[in-house]
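For reference, the structure discussed in these notes is given below.
Each ligand, and each atom within it, is numbered from 1 in the order the structure gives.
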Amino acid sequence: MNKNLMKYILLIVGIFSFANGRADEGKQLFDRTCAACHTIGKGRLVGPDLSGISQKRTKEWLVSFIKSSTSVIKSGDTDAVAIFKEYNSLMMPDVDYSEAQIVSILNYISSDRSSGGQQQAVTADILSGTTLENVKVGLLLFSGRHPFSNGGPACAGCHKVKDERIFSSGTLAKDLTESYNIMGSAGMAAVIKSPPFPVMNTAYTQHSLSEEEVINLTAYLKTVSEERYYQRPTDFSTTFAFFGLVVFATIFLSTVLLYYKRKKFPVNREILDRPSKVIN
Ligand code: HEC
Ligand code: HEC
């Protein structure tokens with residue numbers, strides 16, 4: 001009788017620690033790749049609050065959506081398309097996790113009950129108390145005129161924004177002009193702090209940004225987003241076209257001038273040549 005009881009206790013303890021182990025792996029993966037955009041019970045961030053998601057969707061749907069939301073959306077799945085539209089067509093990056101890893105993330109999401117009812121914790125605006133100074137420093141950091149304290153690459157190396165004060169920028173990654181409008185300050189700061197995009201993440205793993213740098217950049221990108229209707233585009237192709245025209249006109253005019261100047265020469269020459277021909 002006692003032996004049996006022991007067995008049951010061991011079994012229960014075993015199941016608990018097993019479940020905990022899975023949830024732990026899930027928590028690590030979630031914190032690393034999902035927390036920049038999702039909370040569990042703390043409200044909407046870049047993407048929807050994921051608490052109770054297992055009741056809302058089937059496990060198969062969740063696994064394939066998390067693995068590659070882009071292909072599920074492309075396949076025309078109605079739920080996926082609806083949520084994608086609801087979130088302003090913001091792409092959730094694909095991950096190359098195994099099904100087991102994704103299930104462990106889902107287990108963690110359903111096991112996490114620590115966070116209900118604290119919406120304020122995340123939605124409190126990190127930009128409250130920032131001034132124009134933050135925006136200015138943010139611009140300098142973004143464009144690379146101020147180096148980052150840990151030496152990471154300038155954002156403008158990969159991203160473009162509509163801001164005529166930034167003269168050269170990369171086009172490797174998305175134009176960030178409207179990103180703030182879509183993500184809000186919490187989402188923007190979360191994405192900058194721990195980028196869920198492999199290319200960007202690699203660029204900053206050895207060069208993490210300070211809390212203050214994240215705030216300055218967020219403040220700057222907010223201003224960019226708010227002023228996007230008033231800025232002339234940073235696209236310099238029109239300027240180049242204009243210079244091209246000026247250069248063309250100059251060359252054309254000087255050719256014409258030279259032509260008229262020179263035209264006399266062959267005419268004179270012809271006249272000059274005539275008598276010599278006669279003599280010959
Ligand atoms: C860059 C931000 C971002 C990251 C990182 C991200 N997501 Fe998302 N997620 C979104 C957005 C935005 C949506 C809304 C649908 C869409 O736009 O594709 C979404 C939707 C979802 C949905 C569907 C919710 C619903 O109501 O149907 C699930 C589930 C989900 N994400 C889980 C995850 C998990 C798990 C991870 C980590 C492996 C993750 N997401 C990482 C932005 C993100
Ligand atoms: C090495 C290139 C690289 C650098 C440097 C870089 N990023 Fe990114 N970033 C990316 C890539 C790639 C994405 C994924 C979206 C895409 O495909 O364009 C991205 C996405 C983002 C997004 C999400 C955009 C959206 O609307 O979905 C934000 C915000 C962002 N980066 C901000 C920054 C900031 C701020 C910096 C400077 C601290 C920075 N990035 C530096 C490559 C880079």
Practice task
Using distance alone, with no hydrogens and no angle criterion, decide if Asn181 and Ser225 have a side-chain donor and acceptor under 3.5 Å apart.
Solution key: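 No pair is found: no donor N or O on one side chain lies under 3.5 Å from an acceptor on the other.
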Handout entry: Donor + acceptor pair across side chains of Tyr97, Thr33 (<3.5 Å)
Key =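 Tyr97 vs Thr33: donor-acceptor pair found between side chains.
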Handout entry: Sub-4.0 Å heavy-atom approach of Gly170 to ligand 2
Key =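 Gly170 does not count as a contact of ligand 2 under the 4.0 Å cut-off.
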Which residue owns the protein heavy atom closest to [atom], what's the atom, and how far is it?
atom: atom 16 (C) of ligand 2; result: Lys174 N, 3.8 Å
atom: atom 2 (C) of ligand 2; result: Cys158 SG, 1.9 Å
atom: atom 23 (C) of ligand 2; result: Met183 CE, 3.4 Å
atom: atom 37 (C) of ligand 2; result: Cys155 SG, 1.8 Å

Handout entry: Ile102 contact mode with ligand 1 (heavy-atom cut-off under 4.0 Å)
Key =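 The answer is neither; Ile102 stays 4.0 Å or more away.
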Practice task
Under 4.0 Å, heavy atoms only, figure out whether ligand 1 is touched by the backbone of Asp79, its side chain, both or neither.
Solution key: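 Looking at Asp79 and ligand 1, no heavy atom falls under 4.0 Å.
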Exercise for the section: For ligand 2, find out whether one of its N or O atoms is nearer than 3.5 Å to an N or O atom of His159. Expected result: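 Between His159 and ligand 2, an N or O pair is found under 3.5 Å apart.
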Practice task
Identify whether the distance between the nearest side-chain nitrogen and carboxylate oxygen of Glu227 and Lys162 falls below 4.0 Å.
Solution key: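 Not counted as a salt bridge, because no side-chain N and carboxylate O are separated by less than 4.0 Å.
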Problem - Sole residue of Thr130, Asp163, Asn134 in side-chain hydrogen bond (donor to acceptor under 3.5 Å, both in side chains) with Tyr220 - result: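 That would be Asp163.
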